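Written out below as structure tokens is the structure these notes cover.
The figures here come from the full heavy-atom set of this structure, side chains too, leaving out hydrogens, waters and symmetry mates. What you see is a predicted model; the values in this text were computed from it and never measured.
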There are 2 protein chains.
Amino acid sequence: MSQSSLKQEIRRRAKNFQRVRAAHQTEVAEDYVELIDDLIAETGEARVVDLADRLGVTKATVNNTVQRLVREELATSQPYRSIFLTPKGQSLARKSRKRHELVRDVLVALGVDEETADADAEGIEHHVSKETLAAFRKFLGRGE
Amino acid sequence: MSQSSLKQEIRRRAKNFQRVRAAHQTEVAEDYVELIDDLIAETGEARVVDLADRLGVTKATVNNTVQRLVREELATSQPYRSIFLTPKGQSLARKSRKRHELVRDVLVALGVDEETADADAEGIEHHVSKETLAAFRKFLGRGE
DNA sequence: TGACAAAGTTAGCTATGACTAACTCTGTGG
DNA sequence: CCACAGAGTTAGTCATAGCTAACTTTGTCA
Ligand SMILES: [Mn+2]
Ligand SMILES: [Mn+2]
Ligand SMILES: [Mn+2]
Ligand SMILES: [Mn+2]
């Protein structure tokens with residue numbers, strides 16, 4: 001391998017790691033909005049305590065993160081009231097849910113049991129590129 | 001759905017999120033030891049500056065993380081010298097590399113191009129359970 | 001209607017993992 | 001053989017994301 005293509009290869013690998021780090025910065029937000037949207041659909045509203053129960057964190061942690069979602073214009077909240085999604089938050093929630101389901105369905109199609117597939121998808125979903133999602137859809141015979 | 005199975009379902013989902021958070025605590029270590037092992041194999045030694053180039057971070061960051069690896073008994077290092085893996089670090093490196101390759105190969109088998117597969121695998125690898133890895137091996141016609 | 005439990009908030013702490021800037025050490029080439 | 005460039009370290013900063021403990025608000029029901 002030539003000098004310059006070695007350097008290129010090093011930069012390519014560095015970019016992969018940088019992409020993973022970038023994904024980590026958005027994944028908490030993605031999981032929260034997906035969950036908030038679920039709760040609103042299922043129970044009519046999203047409350048701090050419900051998010052805390054479902055995420056397995058304390059309500060103080062939820063409060064902190066919700067403030068971040070508000071700052072990022074994904075959610076709105078008034079003190080002591082339940083949490084709402086902005087249009088931007090809703091569209092991220094829908095996108096995240098679809099992606100989660102697609103990843104889970106691919107795992108199931110590969111022979112993973114549903115519980116495990118759903119659990120693994122919770123982490124995997126945040127690291128799947130558009131290209132890979134397209135391949136997944138094709139593999140399942142959807143979209144194209 | 002009954003009261004108690006609703007509560008169970010909530011706890012199940014919480015556990016999924018907790019597993020993802022646990023994975024995030026180990027993934028930096030996994031990527032580092034894999035890379036250190038690669039560098040030793042390819043160039044004879046693993047130096048801070050090489051890790052920094054390949055990870056896309058500064059050498060100060062590498063230094064910090066290497067200290068953590070030493071604390072966790074995955075690596076050893078003396079000031080101004082190159083970095084070595086402990087037996088524990090070596091075995092984690094081998095395990096991580098195999099897993100990375102398996103994930104990449106599955107993505108390729110599903111029609112993802114090699115570059116994208118390798119990039120996505122960098123994030124996905126840390127969120128794949130033993131059960132899913134077994135399903136992947138079976139799908140590729142390996143192991144089992 | 002108001003006591004009080006549940007829910008929400010706030011303050012203060014921790015660890016990780018990133019950064020820059022400034023410093024020290026190493027080892028090589030002139 | 002030593003200057004100095006490159007490598008490594010250290011100090012100090014920041015954001016995220018978790019925690020506990022203490023506080024405040026809400027809203028229900030006796
Ligand atoms: Mn998730
Ligand atoms: Mn999800
Ligand atoms: Mn990785
Ligand atoms: Mn890897």
Here the distance between atom C1' of D:dA15 and atom NE2 of A:H24, to the nearest Å, is 16 Å
Separation of D:dT16 atom C1' from A:H126 atom NE2, nearest Å, is 15 Å
Sorted by number, the residues of residues 42-67 of chain B with heavy-atom contact under 4.0 Å to DNA chain D: B:R47, B:V48, B:V49, B:K59, B:A60, B:N63
Any side-chain donor-acceptor pair under 3.5 Å between B:S82 and B:E45? yes
Indicate yes or no: does B:D38 engage A:R13 in a salt bridge with an N to O separation below 4.0 Å. yes
Would you kindly give the CG-to-P distance between A:L39 and C:dA7, to the nearest whole Å? 13 Å
For A:Y80 and B:R81, take the nucleotide of DNA chain D holding the closest heavy atom to each; which residue's nucleotide lies nearer the 5' end? B:R81
Could you check whether A:D120 pairs with B:R19 (Lys NZ or Arg NE/NH1/NH2 to Asp/Glu carboxylate O, under 4.0 Å)? yes
Map A:P79 and A:R21 onto DNA chain C by nearest heavy atom, then report which one ends up closer to the 5' terminus. A:P79
When the distance from CD of A:Q78 to P of C:dG8 is rounded to whole Å, what number comes out? 13 Å
Just the rounded figure in Å: distance from P of C:dT14 to CD of B:Q25. 17 Å
What is the ring orientation for B:H127 with B:H24, classed by angle as parallel under 30°, tilted 30 to 60°, or perpendicular over 60°? perpendicular
With a cutoff of under 4.5 Å between side-chain heavy atoms, which Ile, Leu, Val, Met, Phe, Trp and Tyr residues group with A:V49? none
B:H126: which residues meet the ring-ring contact (aromatic ring centres under 6.0 Å, His included) condition with it, sequence neighbours left out? none
